[in-house]
Amino acid sequence: MIQVTNENAKEVLVIKYMAWSRSLGGQFLVFQLLVVVVVLFAVAAVSVTQSTSEFREVRGQRMIAVAENMASTPVVRDRFADPFAAKVLAPEVDRGVALSGADLAEILDPNGTIRVSSDPSRAGSRMDLGPSRADEGRAWFGDDDVDGVHSLVGQVPILSIDGDVLAVASVSEGYPSVWELLSGAGERLLFYLGLGAALGLLASWLLSRRIKRHTRGLEVAEIAGLADHREALLHSIREGVVAVNNEGDVTLLNDSAQELLGVGGDAVGRRVDSIGLDPAVVEFLLSGDDGRDVVIATRTKVLALNRRSATSQGKVIGTVTTMRDSTELAALQGQLSSHKSVTDTLRAQTHEFANQLHTISGLVQLGEYDSVRDLVGTLTRRRAEINDTVTSRISDPAVAALLIAKTSLAAESGVSLQLAPESHLAALTPAVATDAITLLGNLIDNAVDVSVGAEPARVTVHIDDRDGLTISVADSGPGVPEHLREEIFARGVTSKPDAPGGRGIGLALVRLVTAQHGGAVEVSDAATGGALFVVRLPETVTARQAAHA
């Protein structure tokens, strides 16, 4: 606390004044005070203008009346040209001043020379008649300068019997000052002006207190600082943040969200469903789910989203959704799934080989050596047929190995995996081969899963690299309903009723990898029943493959 002394009293007062003038309440109070002052000046200006106009009309007619009365007096008509007129007619002009309350009453020659005046010092001087028409025989009143004073003048001609202008009777009165005009408007006007000023100041003070209360006592600079700080934080964090009000309009979209969703800053203020977002994202942003983590695969990214309601003073004002880019995590999950698939394939082959070895061991123990020879030959031919069927059409060793392994794994589940005879695939680059394995492995796994128990249980694979790279996988399952054919890629929805949660990442990863190569994936009904998944990669993929070779 600052201690006030005689030496620093002035400085403390200045500091307090500066702090008050910087506060929101102080600024608003000053602004309102300025408004009140402007209104008061406007009212005063209107009042002065009206009083001046009223003075001119009323007093102008009064000046004409007094001048006519003075001009019609017989003694004035008879003695205005007398050498002693200034003394003889002095009582008449003084009476005119007394009757009208004017400042001057005078008698002039037609050329403007003053013969008689209520101010003896003006006798003999000349007055410029200016715009007056009295010298032409017509009464007139108007503005003129009398001894440097802006005055209202009324003039009436003194006519002879023949109608000639003998002289001019002139009566003048100076215009009142502004203060006199305001005072003449009455004490009531001043009272109301003062009351209005007091009420305006009181209202300004109360309103400034109310504004300060609603702004939590924060001043303008503090509010601006908080807003800038908030914007900097929201736009600098790595997670995307999207705020939507109760009407479905976007109220906030930070930089990360713009990048993840592929929209610009102009989306703020527009409806969620009108800014070009993926339908699955739009559905989630407008849904009523709160506090639930959801993974949505758009055409280029895999997003992890969480949505919560935003409240203010106990009322829900909208929702806030945070999102993270899980594309790399999804790719790792896909690779893990591929490794798991290989592990399952090895397990299935181990189980198959163990059964075969047990059979051979039993035949040996029984001494059935011819049967052992026949069984080994049959198994060798069968394995060679599978390998020849695949490798004669598929030249890429990684893809061929995957198909051979998946054939054994599908057979363990009771599903026949077949490679279409017209299939053809040349050797791929390692990068393209990796993605092809991801696409093919996920599609085959999905097809095998839905075909288990079908009659017949069959999965047909067709691969063609003659016009880009096309991978087709047809199953004998129940198919995919039309209303799920888009959503099945967005959230990994599956038609399998026993799938955990009914959702996975396999098909979402298929679309993501396809989009990264600029290709497309679609699902339709297979000719033999079930679903047909077709992945088409552009010709540039195989062109890079050929260049690498």
Side-chain angles (χ1 to χ4, degrees), residues 334-356 359 378-394 396-425 433 436-464 470-480 488 492 494-500 504-507 509-510 521 523 525-535:
Q335 294 177 7
L336 181 61
S337 298
S338 299
H339 292 310
K340 183 178 181 298
S341 177
V342 173
T343 303
D344 292 340
T345 303
L346 293 175
R347 178 189 54 77
Q349 291 179 339
T350 301
H351 181 68
E352 180 183 1
F353 292 153
N355 291 334
Q356 295 169 357
T359 302
T378 300
L379 293 176
T380 302
R381 286 193 302 273
R382 184 181 301 172
R383 179 60 56 183
E385 288 176 359
I386 295 175
N387 292 346
D388 291 342
T389 299
V390 173
T391 56
S392 63
R393 297 173 176 86
I394 307 299
D396 187 85
V399 176
L402 176 70
L403 288 172
I404 294 172
K406 290 295 183 183
T407 301
S408 300
L409 186 60
E412 187 185 51
S413 301
V415 179
S416 173
L417 177 61
Q418 301 175 357
L419 181 64
E422 62 273 16
S423 296
H424 178 272
L425 179 64
I437 290 173
T438 300
L439 296 173
L440 193 58
N442 281 287
L443 290 177
I444 292 177
D445 289 342
N446 183 73
V448 170
D449 288 342
V450 299
S451 298
V452 173
E455 187 60 37
R458 181 175 62 246
V459 174
T460 303
V461 178
H462 177 262
I463 303 175
D464 187 4
T470 302
I471 300 175
S472 301
V473 178
D475 60 61
S476 57
V480 180
I488 196 173
T494 176
S495 58
K496 296 179 293 181
D498 57 344
I505 196 64
L507 294 179
L509 189 60
V510 167
V521 57
V523 58
D525 294 327
T528 57
L532 173 63
F533 287 84
V534 180
V535 174

Stepwise side-chain contact (heavy atoms from CB on, under 4.5 Å) test for Val523 and Leu507: CA-CA 11 Å; Val523 58; Leu507 294 179; over 6 Å; no

side-chain contact (heavy atoms from CB on, under 4.5 Å) between Leu532 and Asp475, worked out: CA-CA 7 Å; Leu532 173 63; Asp475 60 61; over 6 Å; no

Backbone N or O of Pro421 within a donor-acceptor pair of the Arg393 side chain at under 3.5 Å?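 Yes; at least one donor-acceptor contact below 3.5 Å.
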
Between Ser451 (side chain) and Ser476 (backbone), is there a donor-acceptor pair under 3.5 Å?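 Pair found, side chain donor or acceptor close to backbone of Ser476.
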
Are any non-hydrogen side-chain atoms of Val473 and Asn446 less than 4.5 angstrom apart?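 They are not in side-chain contact.
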
Would a 4.5 Å heavy-atom cut-off, applied to side chains only, mark Val510 and Phe533 as touching?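 Not touching, per the 4.5 Å side-chain cut-off.
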
With rounding to the nearest 0.5 angstrom, report the [atom1] to [atom2] distance, [X] to [Y].
| X | Y | atom1 | atom2 | value |
| --- | --- | --- | --- | --- |
| Thr391 | Asp396 | OG1 | CG | 12.5 Å |
| Ile394 | Leu425 | CD1 | CG | 5.0 Å |
| Leu439 | Leu443 | CG | CG | 6.5 Å |
| Asn442 | Ile437 | CG | CD1 | 11.5 Å |

Between Ile463 and Leu403, is a side-chain contact (heavy atoms from CB on, under 4.5 Å) present by the stated rule, with each step listed? CA-CA 11 Å; Ile463 303 175; Leu403 288 172; 4.2 Å; yes

Qualifying residues under side-chain hydrogen bond (donor to acceptor under 3.5 Å, both in side chains), relative to Ser416, sequence neighbours excluded: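 Listed in chain order: Gln418.
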
